[in-house]
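Data first, discussion second: the structure below is written as structure tokens.
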Amino acid sequence: MNPGRRIIDICGVVPGSSFDTRSMITDERIPERAIAGPAGVGTSVRRSDAVDASPQTTKAVIEQALAADFFTIEHHNGYEHIRQTTRYPTEWFDRIIGIENKPDLKRPGELTRQLQVDISLGLFDAVILATKTHVTRAHLNRIPDAVGVWQFNPDTDNRTIIRQPAELATGTPGIELGSDQSDHTEIHPVSSKEKTRARRRIAERAYGKGWRNYTLPSCAHAETQPDGRPYCTEFDCVINPAQSCDTECPAHTHAEPPQYNKAKVRDARSPWNHDPPGARYRQSGLDRFK
Ligand code: SF4
């Protein structure tokens, strides 16, 4: 089971006590199956047994973990063995905040349901709804009580906290709401161990790929701001390309998307390390002092 597959709009990861250790290993995502599998720092296992998955998935996970410098290969008795290069720093993230971005509450779609799923499962420490809409009492009545509400104007960066989110129980079992049948809703219990793994998977995904992770528009009016946010010079505002930019935009003028060094901007604006030394390098550096 893989709880919480639904993708949230924005995932905020609050660094924990061992964030620096994590940031030294790799700037990429470390696959959860490599972290939780049988290969450890003190345990090398045959390559075919290094991950608890199908042969195809095992191959893909090993390649990804090797590229991330989290696995290394050793040879014993003519066979390749896999070992973790370093102990995974489980305390590298403290809290995970899920933010649903719904600019227009007049078109809520599946919003209430999505928020109920998030609250019931409890993978995030807090869930927040961010909207540009003026929030009324009627809106609040449709949003689960545990969900925090922000009114946010992306043009001015002005944020008003309408309601604080509740702290969710991430360390206890949760319930994943399934599809609605005519007379009942399917539910799937999720153990606290599964939640721990799912949270780590979410945090790793955010660490590896999750910053300003959208396609910039192929439009001559698109720019990036110094902080990396996409900006439209025609309408003088920050844009969400997925919502604002397509060929139906009356001012769309086809051009190459704007270029910017995302890794450099992210490195400068967050504790994420674009070019870490890697676990093995760090280890060999320490070996010099033995
Ligand atoms: S597609 Fe429209 S909104 Fe997007 S950058 Fe171009 S002009 Fe601006």
Side-chain angles (χ1 to χ4, degrees), residues 5-13 27-29 96-115 117-118 124 126-136 138-140 142-143 147-163 165 202 205-272 274-275:
R5 280 171 179 274
R6 195 175 69 72
I7 292 172
I8 198 137
D9 291 327
I10 299 168
C11 173
V13 179
D27 57 336
E28 299 287 339
R29 173 173 76 93
I96 309 178
I97 314 297
I99 302 177
E100 290 288 357
N101 180 23
K102 185 57 79 176
D104 186 359
L105 289 183
K106 288 195 218 83
R107 293 185 291 163
E110 292 284 296
L111 177 66
T112 303
R113 171 67 172 182
Q114 289 168 354
L115 293 171
V117 169
D118 293 335
F124 298 102
V127 175
I128 293 166
L129 169 69
T131 182
K132 213 173 163 181
T133 308
H134 172 69
V135 181
T136 64
H139 290 136
L140 286 178
R142 287 198 293 271
I143 300 165
V147 174
V149 181
W150 291 351
Q151 204 167 305
F152 181 69
N153 185 336
D155 302 333
T156 61
D157 280 353
N158 193 29
R159 181 188 63 162
T160 305
I161 298 175
I162 308 288
R163 188 167 79 194
I202 291 169
R205 195 188 303 146
Y207 190 89
K209 293 249 183 282
W211 195 84
R212 307 264 189 258
N213 197 19
Y214 30 59
T215 307
L216 292 169
S218 304
C219 176
H221 301 298
E223 287 184 350
T224 51
Q225 295 201 304
D227 63 7
R229 286 183 300 167
Y231 191 85
C232 174
T233 54
E234 179 69 14
F235 296 115
D236 273 337
C237 59
V238 172
I239 44 172
N240 179 345
Q243 288 170 352
S244 308
C245 304
D246 59 28
T247 47
E248 288 186 15
C249 169
H252 177 266
T253 308
H254 186 75
E256 287 297 311
Q259 301 291 320
Y260 85 114
N261 189 334
K262 185 167 101 169
K264 193 172 167 200
V265 177
R266 183 182 182 188
D267 203 329
R269 293 182 60 84
S270 77
W272 177 81
H274 168 46
D275 191 19

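Both counts, for ligands and for their atoms, begin at 1 and track the order of listing. The chain is numbered in sequence order, starting from 1.
- Contact detail for H221 and T253: the closest heavy-atom pair is NE2-OG1, 3.3 Å.
- Taking all atoms of both residues into account, the shortest heavy-atom contact from E248 to D246 is N-OD1, 2.7 Å.
- The protein heavy atom nearest to atom 8 (Fe) of ligand 1 is C232 SG, 2.3 Å.
- Nearest heavy-atom pair, Q151 versus V135, reported as atom, atom and distance to 0.1 Å: OE1-N, 3.2 Å.
- At least one N, O or S atom of C219 sits under 2.8 Å from atom 6 (Fe) of ligand 1.
- Between Y207 and E28, the shortest heavy-atom distance links the atoms CD2-O, 4.1 Å.
- Remark: minimum distance from atom 4 (Fe) of ligand 1 to any protein heavy atom is reached at C245 SG, 2.4 Å.
- Less than 4.0 angstrom separates some heavy atom of A251 from each of these atoms of ligand 1: 7 (S).
- Under 4.0 Å from ligand 1, the heavy atoms of C249 that appear belong solely to its side chain.
- What you find for W272 and D267 is that their closest heavy atoms are O-OD1, 3.3 Å.
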